Amino acid sequence: MAYQRAYIPMKVISISQGYGESSSTHKLSYALDFSGVDEGRDDIYAPFDCKITKLYQPGDTEKHANTVWLTSTKKVLSPNGYYGYLTISITHPDEISGMKLGQEFKQGEVVCKEGRTGSATGNHMHLEVSKGTTANWSLEKNGNYAEYVITNPVKIEEYLFLREDAIVRNNTYKGTKYNFIKESEITYKVKNVPSEPLLVHETNDYDKASVLKEGFLYNGDDVIKFYDIGSMSYIYHYEMMGYVAKKYLSK
Ligand SMILES: [Zn+2]
């Protein structure tokens with residue numbers, strides 16, 4: 001079985017607010033607002049096989065907008081080479097009164113639709129990603145500014161792949177470009193290995209590295225390349241993650 005990839009849960013990507021100092025309501029988080037198409041309410045898909053681990057429904061509290069936390073039910077693969085559990089929170093969805101804690105979704109299933117519940121000026125999905133299985137927010141403060149931030153926050157663009165069928169309409173906010181990555185963009189072929197197999201190592205120290213048990217690649221194999229370290233690349237191939245000589249990978 002291949003490792004399941006973690007995906008951004010919308011098909012049309014249009015960022016209406018980034019994060020950091022220049023943002024108005026994401027100053028202390030890595031939250032992004034996705035507004036999707038101009039009109040209507042876009043579907044929000046399960047980013048991976050997951051279950052509802054926390055839920056703010058209408059009437060739960062006056063302060064919070066509708067929010068659904070989804071935690072992966074197994075380890076998932078990220079474009080930065082992380083392989084582990086992830087939790088996301090989706091805020092402002094339209095209609096979630098029928099949802100239940102523990103409810104499960106298969107990857108790609110429609111979970112809900114974007115909306116404008118709580119304090120929102122238009123239909124959008126406020127998305128945050130957390131590394132691990134904790135589903136919670138905490139109120140972070142800086143002077144007079146306060147913001148609810150997911151526990152163990154990580155950057156969406158580093159932990160969620162763009163779906164292959166996604167359309168990017170806008171990935172820039174106030175001069176900051178968010179580089180969302182499709183798997184196909186970081187997929188490379190093993191080429192020109194003179195004496196096969198190409199050995200996959202457990203560490204990037206080529207001399208001392210031990211070769212993984214099934215650490216053999218052949219010319220023509222596809223790998224996801226996460227990053228380079230010196231002359232080595234950190235890669236994924238089926239259920240294997242490790243380091244290979246960079247010079248044998250090409251597009
Ligand atoms: Zn937001």
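Given the structure is predicted, the values throughout are model-derived calculations rather than measurements. Counting convention: from 1, in listed order, for ligands and their atoms alike.
- Between the side chains of Q57 and S97, no donor N or O sits under 3.5 Å from an acceptor N or O.
- A donor-acceptor contact closer than 3.5 angstrom is absent between the side chains of T25 and E147.
- Nearest N/O/S atom of H126 with respect to the Zn ion (ligand 1) is recorded as ND1.
- The distance from the Zn ion (ligand 1) to the nearest N/O/S atom of H124 is not under 2.8 Å.
- For the Zn ion (ligand 1), the nearest N, O or S atom contributed by D33 is named OD1.
- Taking the side chain as every heavy atom from C-beta outward, D33 and S16 approach each other to under 4.5 Å.
- Side-chain N/O atoms of T91 and T67 include a donor and acceptor closer than 3.5 Å.
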